Amino acid sequence: MTETTNPNKQQNGDAVMPETSTRDDVFDDSYKAKEGPKPPMRLVWRNIILMFLLHVGALYGLMLVPSASPLTLAWTALCFLLSALGITAGAHRLWSHKSYKASTPLRVFLALANSMAFQNDIYEWARDHRVHHKYSETDADPHNAVRGFFFAHIGWLLVRKHPDVIEKGKKLELTDLKADNVVMFQRKYYKLSVVLLCFLVPMWVPWFLWDESLWVGYFIPCLMRYALVLNATWLVNSAAHMWGNRPYDRNINPSENRFVAFSAIGEGFHNYHHTFPFDYATSEFGVKLNITTAFIDLMYFLGLAKDCKRVSRDLISARAQRTGDGSHKTG
Ligand code: ST9
Ligand code: ZN
Ligand code: ZN
């Protein structure tokens with residue numbers, strides 16, 4: 001593991017930037033909101049209708065759970081875990097933040113898992129996420145939590161983006177993503193990969209292998225699982241930007257939220273993550289409530305991941321003392 005100890009001053013205080021990290025995921029306080037009235041909110045009815053239908057389908061899937069075979073439920077849990085890892089270990093910690101390096105087989109696996117999660121392709125996800133970190137809680141943040149829980153959770157996907165998101169996003173450094181063949185390949189064949197991996201495979205496997213009905217296969221491992229992964233992810237943008245302690249930086253909204261950490265397989269330690277975005281564990285406490293970190297550790301052990309970046313304990317304590325809300329614990 002690469003431990004960061006060099007206290008270079010960064011724009012967001014004393015967060016330390018390892019040489020290989022992207023600088024465009026670090027908070028930039030130079031953003032100035034444009035004067036004058038805000039642009040009008042433009043609803044995207046196609047997304048509103050599809051998201052409504054998805055959630056109705058997911059609730060119906062929940063009602064079908066008692067009629068599903070135990071194998072189908074185990075398969076649903078596996079699909080949840082795989083698609084979640086495609087976001088957490090893939091789009092988030094690897095591609096948005098470059099917090100560790102992954103071999104080609106691991107990147108291929110994570111890209112497939114990412115298509116199973118159907119949350120926009122990796123390139124678009126990482127671009128939006130970098131702009132979220134860099135201009136957090138401003139109009140240039142795609143899911144600006146200052147606009148309320150609903151907007152940060154799902155509302156931002158139901159309206160046209162604020163022009164500042166696009167303007168600032170176009171200035172981001174994305175050459176690493178453009179140079180990654182796996183990312184570009186996934187982007188090129190994204191729609192096909194989603195149809196196969198988010199919908200057909202989760203529905204077809206239980207029918208083919210243990211005679212589950214296609215109906216149950218469609219509503220439980222497919223729609224219900226997809227909606228659960230989406231909502232677990234969105235909770236990081238909504239709940240973990242509002243509720244919880246701020247042991248590392250009391251001046252920012254992102255918070256340590258254990259419920260979100262549990263449901264988002266390790267991504268709820270959001271005050272830590274926004275303070276030290278390049279840490280591969282996204283938490284001070286390693287694998288605690290953090291399946292994603294355990295997964296990356298396993299990949300490291302198997303020789304498929306390397307250069308996992310960590311922040312030193314001394315630096316964490318110094319930062320917590322200087323800017324934390326006083327709730328910092330060391331265990
Ligand atoms: C989904 C994503 O759910 C979820 C992401 C969550 C992030 C969470 C982060 C938290 C931390 C990690 C925790 C993980 C936990 C996981 C737990 C798992 C258990 N920069 O987009 P358009 C350009 S997706 C630069 O159409 P509109 C763009 O290239 C769900 N440029 O904007 C294009 O240019 P051109 C499924 C940008 O029209 C133009 O602008 N998907 C940027 O405003 C227009 O782009 C959906 O539901 C940027 N940042 O529409 C809907 N952004 O024309 C998907 C845009 O030249 N999205 N551009 O190509 C949409 O339908 C639309 O984007 C929209 C906005 C309606 C939302
Ligand atoms: Zn992040
Ligand atoms: Zn955030």
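Whatever order the structure lists ligands and atoms in, that order sets their numbers, starting from 1. Note: hydrogens, waters and symmetry copies are ignored here, and every other heavy atom, side chains too, is used. Source: prediction; values computed, not measured.
For H273, the nearest N, O or S atom to the Zn ion (ligand 2) falls under 2.8 Å. For the Zn ion (ligand 2), the N/O/S atoms of H274 include none lying under 2.8 Å. Among the backbone and side-chain atoms of H270, an N/O/S atom is found under 2.8 Å from the Zn ion (ligand 3).
By the 4.0 Å N-to-carboxylate-O rule, K168 lies too far from D28 to be salt-bridged with it. A salt bridge does not link D24 with R130: none of the charged nitrogens is closer than 4.0 Å to a carboxylate oxygen.
With a heavy-atom cut-off of 4.0 Å, Q119 touches ligand 1 through backbone and side chain alike. Within the 4.0 Å heavy-atom criterion, the part of N47 lying near ligand 1 is the side chain and not the backbone. Neither the backbone nor the side chain of P142 has a heavy atom within less than 4.0 Å of ligand 1. For K161, heavy-atom contacts with ligand 1 shorter than 4.0 Å involve the backbone as well as the side chain. Of all the heavy atoms of L230, the ones lying under 4.0 Å from any atom of ligand 1 belong exclusively to the side chain. Within the 4.0 Å heavy-atom criterion, the part of Y226 lying near ligand 1 is the side chain and not the backbone. Residue-level proximity to ligand 1 for H129 is carried by the side chain, the only part with a heavy atom below 4.0 angstrom. Residue-level proximity to ligand 1 for I166 is carried by backbone and side chain together, each with a heavy atom below 4.0 angstrom.
Within ligand 1, counting atoms from 1 as listed, the ones closer than 4.0 Å to a heavy atom of N237 are 6 (C), 7 (C), 8 (C), 9 (C), 10 (C). Of all atoms in ligand 1, numbered sequentially from 1 with element shown, those under 4.0 Å from a heavy atom of M51 are 47 (O).
Relative ring orientation between H129 and H132 is described as tilted, the plane-to-plane angle lying within the 30° to 60° band. The aromatic rings of H133 and H97 lie perpendicular to each other, with more than 60° between the two planes, well past the 30° mark. In this structure, F276 and F278 have perpendicular ring planes: the angle between them is above 60°, well past the 30° mark.
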Could you go through F27 and D249, starting from their C-alpha distance and side-chain angles, then the distance that decides it, and tell me whether this counts as side-chain contact (heavy atoms from CB on, under 4.5 Å)?
CA-CA 12 Å; F27 182 66; D249 194 338; over 6 Å; no

What's the verdict on salt bridge (Lys or Arg N to Asp or Glu O under 4.0 Å) for K34 and E167, showing C-alpha distance, side-chain angles and the deciding distance?
CA-CA 12 Å; K34 295 198 175 67; E167 188 191 311; 2.9 Å; yes

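Residue contact check for ligand 1: F262 places no non-hydrogen atom closer than 4.0 Å to it. Using a non-hydrogen distance threshold of 4.0 Å, V159 registers as a contact of ligand 1. Remark: distances from the non-hydrogen atoms of A91 to ligand 1 are all 4.0 Å or more.
Using a 4.5 Å cut-off on side-chain heavy atoms (C-beta onward), S255 and W243 make no contact. Two residues are said to be in side-chain contact when any heavy atoms from C-beta on lie closer than 4.5 Å; F199 and L223 meet this criterion. Side-chain contact check for L174 versus Y123: some heavy-atom pair is nearer than 4.5 Å.
H97 contributes NE2 and H92 contributes NE2; the angle these two atoms make at the Zn ion (ligand 2) is 100°, rounded to 10°.
Each of L62, L64, L59 was scored for a side chain to side chain contact (heavy atoms under 4.5 Å, CB included) with M224, with one residue passing: L62.
Take the N/O/S atoms of H133: the one nearest the Zn ion (ligand 2) is NE2.
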